[in-house]
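All remarks here apply to the structure that follows.
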Amino acid sequence: MAVLLDEKTKLIVQGITGHQGQFHTEKMLEYGTKVVAGVTPGKGGENVQGVPVFDSCFDAVDATGANASILFVPAPYAKDAAIEAVEAGVELLVMITERIPFHDCLDIMPYARAKGCRVIGPNCPGLISAGKAKAGIMPNHIFKEGDVGVISRSGTLTYEIVNAITQAGFGQSTCIGIGGDPVIGTSMPEALELLSKDRQTKRIVVVGEIGGTAEEETARRAKRIRKPVFAYIAGRTAPPGKRMGHAGAIISRGMGTADSKIQAFEAAGARVAAYPVEIATLLRSD
Amino acid sequence: MAVLLDEKTKLIVQGITGHQGQFHTEKMLEYGTKVVAGVTPGKGGENVQGVPVFDSCFDAVDATGANASILFVPAPYAKDAAIEAVEAGVELLVMITERIPFHDCLDIMPYARAKGCRVIGPNCPGLISAGKAKAGIMPNHIFKEGDVGVISRSGTLTYEIVNAITQAGFGQSTCIGIGGDPVIGTSMPEALELLSKDRQTKRIVVVGEIGGTAEEETARRAKRIRKPVFAYIAGRTAPPGKRMGHAGAIISRGMGTADSKIQAFEAAGARVAAYPVEIATLLRSD
Amino acid sequence: MKFYEYKAHEIFRKYGIPVPRGVLAATPEDLVDPPLPCAVKAQVLVGGRGKAGGIKFAKTLEEAREAARAILGMTIGPYTVRQVYAQEMLDIAKELYLSITIDRSARAPLLIASATGGMEIESVPEKSLFRIHLPPLVGLQPYVLRALAKKLGLPKEGASRVSDIVRKAFALFEGEDAELVEINPLAVLKDGRVMAGDAKLIVDDNAEYRHPEYADLPQDRTPLEEEAHDKGITFIQLDGDIGVIANGAGLTMATLDVLNLKGGRGGTFLDLGGTDDPEKVKQAFEILLKAAPSVILLNIFGGITKADTVAQGVREALEEMHVNVPVIARIKGVNEDRAREILQGIGHPADSMEEAAELAVRAKAGGP
Amino acid sequence: MKFYEYKAHEIFRKYGIPVPRGVLAATPEDLVDPPLPCAVKAQVLVGGRGKAGGIKFAKTLEEAREAARAILGMTIGPYTVRQVYAQEMLDIAKELYLSITIDRSARAPLLIASATGGMEIESVPEKSLFRIHLPPLVGLQPYVLRALAKKLGLPKEGASRVSDIVRKAFALFEGEDAELVEINPLAVLKDGRVMAGDAKLIVDDNAEYRHPEYADLPQDRTPLEEEAHDKGITFIQLDGDIGVIANGAGLTMATLDVLNLKGGRGGTFLDLGGTDDPEKVKQAFEILLKAAPSVILLNIFGGITKADTVAQGVREALEEMHVNVPVIARIKGVNEDRAREILQGIGHPADSMEEAAELAVRAKAGGP
């Protein structure tokens, strides 16, 4: 089953004629993703890797029946591109772009939700349903179809862990890179909820980081689901981040540290890895 | 079953200390609705018909666990009150208030949707699940529990028809007064969708009017549902309404007239009544 | 709220949308220094003034006054022309069409544009029209303007000028609580400038409280409708002779429909709404009586409106105005029995809408 | 982006939020006509300046200059004080607390307020804090201000002044792409006025392109961090001596964690991000080398970043800068074999993060 994305998803690549757009279109096609259209304003009529390029998402949806989009456009144009995709009617929007002002995301996320569009990211490696389709930038070869659902705030650290999972003989159902920005489309607890309802997913790996309270909230939800949950938290020794005045302390109320997150998962009965690759060891011993 | 509202719904009345608020709180309580709280800024601590009044929806939800709200506040304050209810976390918001500028509703509706709140109205008689609960202003005594779902853009005309249905020996599951404004929370096709999935509802009555294309869209959906649909369209002889420049003609493309709506329902296999009370006759002959 | 052309132009100017220069005149002599050559245009709130001879062209001041003389006092539709607007003639290279209105189904503003504007707009084939929603909440995004420029096939500079006008028109749409902002033609001039050749503006009546500056603008209402409007009563004069009064727009429309099916013709659309203030009911009834109906058909389904309150208002109005018109009263709902008592001796009671309509038609014919 | 107090006040003023009068001075003599009596305050980007002696009070110009002389050149945290701000003393009746920041979980701005502000804010019990989300898209609604006024227990006039400040602070939050707008204390003066006693402002670094006017404001970065920032490189100097460079913030953090578990201490946090431009890698490596690490721990998991490109940059940087530091290189992913070849003779290859961390610790100790 997997979640959000599968071999039937028809994907648009927004910003397909850019360096990243071209490169990852090739990789997604290689993975078997149905990349049906690209969008770059002014470049309608061209093609990239055999994928037709349109001037707008509306044209792309009209011509191809696309129902999802992945966004590689630079940060200053990301809001425009995201709203265009939402208005054109895609149901899934994966925003890879990093460094988007979060005030833009404060607009994009509720609007997309109002229109029934699920957003992943921004500033994320995207989404992959192993063996089925990829709407993201993860290296293809480290994934193998299986029953481990993966949720992660980071990119390369996820590859590290996914690679270890695969090396250990397991495979993945869907791996969701939710992104590390302050305002994201699909939160960590929401991603957990999705995977907890997926039949293919038998166990769930959460890769967290210091900052924010998403891991603590996810841990609280993990308590209520039946599937085993495994977690790794990066940043135990990270330098204290930018301090958000008194407000920061008031909001986080002692949460947000690696310790707080690790304790939350342990209290929820989840197994917590000390090293990234220890996740694989924990899976094996489960 | 009924839809949206039942005997467990915990309702807030916003504007409870006003003339209409007081009057309808009494009627809703008489009908058996769980009116758990009222809200009027500055009147927290009072009570109306034994219902405690709070200064804000937040206070009301905190104190009572309310999950729905009905709004009687005057138009200039309706947007404020609606957003407050949505933010306080109610899942159902019934907006009775009429004459709200539709630009306010352009903001309210998508925002409520983004936060998972279903809105009915504005400028509507509200919602009643016969025999269970009422969040509205319809006269109690004309309703009887049954299997007829009713969707209507108008108020008193609906009472007329509901009364005829009841007199004819039928009863209602849920009667949804969606409201007659240009921008409403739950559209006629959406209301049809809801009732078509309700087990209690065996047949559906649609009370439409000239103007807009909601009836035509509803008729198209009616074709795809298994339950018999009955329709009455008011305004066959109404004076031509305000003409919206060329844009009006371009948007409606010949739709919007009583004839167009009647034909659409007939084409969808629905029975269309010539007189309001003929709906009852058609139900009986079905 | 509708706006005379000159007033709409004034508001367009406020938002920085280029419009032709023009001067308003109530008499030919008011024209002192009109932009020349000019079009002298009747200021009325209905369409079709061109065909009715309400637009004339002038090259000199004398010609302009001549045109004004011809147009002022002219009757267009139900209106007498009281003012003309002498507007600079534009050197038009291309006429486009542009409007922003509300799409009820999508719950969003809708932009409609066409590369062919002017008089032919309604015959433009569907596929030549460009339609795109302007997403509420998040505001106008550049993709809308890119798509528009592509569809209109405009060169770069023209596209940027049209984009600028769209941005401003949307600001006007939002800022003024508009239901319709229509520019037809959106004129591309030979010198490259882009201008709102004609401007149509309708503002949401419900937003009147936010725009008190528009409260006193004349509207396309009959004097009686104007009087009703000032009293907050929903009232429209119709062609027939049977005075129809009901509560709720839907029920009022249905009553007119049923009356029609029974062979009668409504002379008024009077919606009492949800009022239960007898004074208000009395005022409404007074308006109704001023429309001099031959019969009155009263149809009330009491919910919020209490039937006895309505009956009380009706009785008082009839007595005070000494009018002796047959009143067919069909009253259902809250306190209907008391209502019937109050109307004893005045009204002819009916049990259903159908019966009431039949009685009204018969009463008019000399019955019942 | 952080702002010195005086700069934050300047921006607050732009939005109409009342702030005390004040003058900036880089030397005691710059103080010519300070508002008197005044507080002379060190302008630094860290907290705790009061405790460090960075705030002094003055009644006369002489005293103010005296205070400036004492504070200028002082070291607070890692910073030397270069400027003081002489600010009008306020006649405060009551100190409130107010901030707007972002609640990640709710994806919405969060307003936090307290009737007790000033120094004690962090010890205010949870239930005395007022928290409410400011809904995005639909804007600040009156219910927020009503709830706030009730919670703060302010009289009507005070409530209306605070409401006005909240409205303006939210406009600032949105208009300036702020992450934090904090007013502590929000001072209610004895004459009834309400003022932002101290203002803290942080603006989203990602929004720098929309606010070029802030681009050159000094930030709390070391000179090397500043150099890296100017080159667009994510780099933080840490206490340890092992230079850690990896790609991706999560992986860089994890690498530091693993190093720590193995007994080492990271001296740098250098995130290469997703770059695959060898020139950029070289620049990053040059920054790293300037931090004079005793060992370099390179951890790359190639996805977008191609491992060979990184290796090429590393090789060039080391050769050009003639630095001879042991490089422990753990490279996985796209083109990892070619990367190993390129680093032949320079780096010590490792298979896993754990092994790489162990090797780095050993290399520092004189090994491997």
Side-chain angles (χ1 to χ4, degrees), chain B residues 20 23-24 75-76 98-107 109-111 125 137-139 142 152-160 163 180-184 187 189 207 209-210 212-214 217 232 234-239 242-251 253 258 274-277, chain C residues 2 47 97 99-105 107-110 112 121-122 124 126 129 136-137 174 177-180 182 184 200 202 204-207 209-210 236 238 246-251 253-254 256-261 265-266 269 273-274 300-305 332-334 352-354:
Chain B
Q20 283 208 18
F23 178 77
H24 290 293
E98 55 181 15
R99 298 189 60 82
I100 300 176
F102 75 85
H103 278 271
D104 286 359
C105 292
L106 280 178
D107 285 0
M109 302 313 165
Y111 190 73
I137 60 172
M138 306 88 151
I142 59 171
S152 173
R153 273 171 74 179
S154 64
T156 43
L157 175 57
T158 316
Y159 312 161
E160 184 81 48
N163 188 54
D181 274 8
V183 179
I184 53 178
S187 70
V207 183
E209 279 176 19
I210 50 165
T213 58
E217 290 155 31
Y232 172 73
R236 293 178 196 229
T237 58
K242 190 160 51 182
R243 209 170 120 67
M244 297 288 281
H246 300 288
I250 294 172
I251 290 183
R253 284 164 289 173
Y275 294 39
V277 298
Chain C
K2 290 184 179 175
Y97 172 87
S99 67
I100 302 175
T101 178
I102 177 84
D103 180 350
R104 291 163 172 244
S105 305
R107 302 181 187 90
L110 179 70
I112 303 178
I121 180 63
E122 291 194 29
V124 164
E126 179 59 30
L129 290 173
L137 295 172
E174 298 209 306
D177 280 297
E179 277 177 36
L180 173 71
E182 185 171 63
N184 186 31
K200 186 164 263 151
I202 303 178
D204 183 4
D205 286 338
N206 290 345
Y209 72 92
R210 289 204 278 238
I236 299 165
L238 305 175
N247 62 331
L251 190 61
M253 276 197 281
L256 283 163
D257 290 350
V258 171
L259 182 61
N260 194 62
L261 284 169
R265 290 192 70 196
F269 174 102
I300 299 295
F301 203 109
I304 310 183
T305 317
K332 289 286 282 185
V334 178
S352 69
M353 276 171 78
E354 293 72 23

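Chain letters run A, B, ... following the sequence lines, proteins first and then strands; every chain starts at 1. Values reported hereafter were calculated over all heavy atoms of this structure, with side chains retained and with hydrogens, waters and symmetry mates removed.
How far CE of C/M253 is from CD1 of B/I210: 5.0 Å, rounded to the nearest 0.5 Å. Atom-to-atom distance recorded for B/E98:CD and C/N206:CG is 8.5 Å, nearest 0.5 angstrom.
Only the backbone of B/I184 comes within less than 4.5 Å of a heavy atom in chain C; its side chain stays farther off. Neither the backbone nor the side chain of B/M138 comes within contact range of chain C; no heavy atoms are under 4.5 Å apart. Using a 4.5 Å cut-off between heavy atoms, C/R210 contacts chain B through its side chain alone, with no backbone atom that close.
The candidate from C/L261, C/V124, C/V258, C/I300 with the greatest count of non-hydrogen atom pairs under 4.5 Å with chain B is C/L261. Contact count against chain B (heavy-atom pairs under 4.5 Å) is highest for C/A207 among C/S352, C/A207, C/A246. When the candidates B/G155, B/P182, B/S154 are compared by the number of heavy-atom contacts under 4.5 Å with chain C, B/P182 comes out ahead.
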For C/N260 and B/R236, run side-chain contact (heavy atoms from CB on, under 4.5 Å): C-alpha distance rounded to whole Å, both residues' side-chain angles, the deciding distance at 0.1 Å, then the answer. CA-CA 9 Å; C/N260 194 62; B/R236 293 178 196 229; over 6 Å; no
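Shown here for B/E209 and C/G250, the closest heavy-atom pair between the two residues is OE2-CA, 3.7 Å. The two residues C/S105 and B/T213 come nearest to each other via the heavy atoms OG-OG1, 3.3 Å. Heavy atoms only, all atoms of each residue included: B/G212 and C/R104 are closest at CA-CD, 3.9 Å. What you find for B/L157 and C/A254 is that their closest heavy atoms are CD1-CB, 3.7 Å. Annotation for B/F102 and C/A178: closest pair CZ-O, 3.2 Å, computed over non-hydrogen atoms. The nearest pair of heavy atoms linking C/P136 to B/P110 is CG-CG, 4.3 Å.
In this structure, B/L106 and C/I102 have side chains that are in contact, with non-hydrogen atoms separated by less than 4.5 Å. With a 4.5 Å cut-off on side-chain heavy atoms, C/N247 and B/Y159 do not count as touching. Looking at B/D107 and C/L137, their side chains come closer than 4.5 Å, going by heavy atoms from C-beta outward.
Remark: C/R107 pairs with B/E190 by the salt bridge (charged side-chain N to carboxylate O under 4.0 Å, His left out) rule, at least two apart or across chains. For the side-chain hydrogen bond (donor to acceptor under 3.5 Å, both in side chains) test, no residue two or more places apart in sequence or in another chain qualifies with B/T156.
In terms of modelled atom types and a separation under 3.5 Å, the side chain of C/D177 and the main chain of B/H103 share no donor-acceptor contact.
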